[in-house]
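One-based numbering, in listed order, for ligands and for the atoms of each. For the numbers below, each heavy atom of this structure counts, side chains included, while hydrogens, waters and symmetry mates do not.
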Amino acid sequence: MTEFKPLVFSGVQPTGNLHLGNYLGAIRKFVALQENNDCIYCVVDLHALTAQLVHEDMATQIRSITAAFLAAGIDPKKHIVFNQSQVPQHAELAWIFNCVARIGWMNRMTQFKDKAGKDREQASLGLYAYPSLMAADILVYRATHVPVGEDQKQHLELARDIAMKFNMDFAEKIRPTGLGIDIKVGDEPVHAYFPMVEPLIDGPAPRVMSLKDGTKKMSKSDPSDLSRINLMDDQDAISKKIRKAKTDPDALPSETEGLKGRPEADNLVGIFAALADKSKADVLSEFGGQQFSVFKPALIDLAVEVLAPINAEMRRLMEDPGHIDAVLRDGGERARTRAEKTMNEVRDIIGFVR
Ligand code: AQP
């Protein structure tokens with residue numbers, strides 16, 4: 001039994017201001033993973049068309065996500081940073097995956113239900129097929145590990161289902177090519193061309209919640225800017241938003257058990273823990289018994305300490321769009337080479353003439 005070579009892939013949509021949820025749920029993990037892994041990080045601009053077709057500032061948004069990657073510490077020379085539309089193989093594999101995925105599977109996707117809202121007939125076909133393109137983004141590199149926030153878990157399960165069905169349906173065609181490897185899925189031996197991707201979701205803040213409602217995800221599309229901390233927020237804005245964050249009247253508990261049924265307290269403690277690189281239990285051992293009037297100023301200081309340098313570097317990078325574009329072009333070229341290798345193999349497995 002062999003194993004797929006570990007490769008990390010993840011993407012972020014260029015659809016508005018990046019917020020603390022995107023940073024803690026995704027980008028911060030990207031940075032940590034690059035120390036010991038081969039990593040590909042993508043600005044998924046094709047995905048940005050799914051909910052809204054026309055974007056006045058698409059190029060600026062793409063550059064701003066790239067600037068966030070670089071400002072957070074991703075090394076585009078050691079790893080690959082690029083925007084999805086530079087590598088048409090993503091869309092080509094997505095078409096094949098559209099033919100692998102079953103409509104019943106897509107109908108279960110909660111993100112589609114949330115984003116399409118009540119008037120599903122008016123949602124784009126792209127929004128419906130989004131998870132299939134996401135599977136292609138990952139599998140066109142045969143990536144094995146995907147750091148994401150918890151909201152993406154269901155899409156990654158779908159990517160596994162797609163990979164599994166492709167492997168099974170084409171098993172007899174994969175074997176003679178010598179391109180597959182024997183893996184175990186549960187106890188089942190499978191001769192696989194595509195790996196079973198592993199989501200990397202752990203951490204104290206896998207789902208950062210709105211500062212105004214601890215039961216709702218922090219999100220770019222929340223109409224209230226007070227609900228989120230944006231990576232571009234200055235010190236005053238960060239301070240104001242944390243001071244105004246919803247809380248309850250009780251002091252913080254000393255044990256994590258005590259956060260149950262207190263979503264806002266749980267969220268702020270989780271944010272503190274993630275920013276400080278500690279567990280929630282560690283944070284509560286320091287702040288248990290304290291009021292929010294003590295905890296919030298400490299959280300403000302910590303958030304400013306972590307975010308201010310990223311904010312400053314993003315602003316500096318955004319003043320040189322030529323440099324950002326060069327990073328994306330270089331990454332795009334290297335990504336294309338890898339993706340085209342996979343696509344040639346997929347074309348051979350399917351039996352397309354080339
Ligand atoms: N609140 C969150 N907590 C933890 N992780 C989060 N992510 C997003 N929100 C949170 C993670 O950030 C990565 C990039 O997200 P994306 O921009 O590609 O898509 P998204 O999940 O649609 O982001 P938003 O902010 O929630 O946008 P809208 O408002 O459009 O829905 C992903 O890894 C995601 O898990």
side-chain hydrogen bond (donor to acceptor under 3.5 Å, both in side chains), paired with Tyr141, selected from His90, Gln89, Arg338, Lys341
His90

State the CD-CG distance between Glu264 and Leu211, to the nearest 0.5 angstrom.
10.0 Å

What residues form a salt bridge (Lys or Arg N to Asp or Glu O under 4.0 Å) with Glu340, not counting sequence neighbours?
Arg347

Mind telling me whether Phe166 and Tyr193 have parallel, tilted or perpendicular rings, with 30° and 60° as the class edges?
tilted

Is the Phe30-Phe69 ring centre distance short of 6.0 angstrom?
yes

Determine whether more than 12 heavy atoms belonging to other residues, nucleotides or ligands lie under 6.0 Å from atom NZ of Lys220.
yes

Close residues (non-hydrogen atom under 4.0 angstrom from ligand 1) work out to Val12, Gln13, His19, Gly21, Asn22, Gly25, Ala26, Lys115, Val148, Gly149, Asp151, Gln152, Pro206, Arg207, Val208, Lys217, Met218, Ser219, Lys220, Ser221

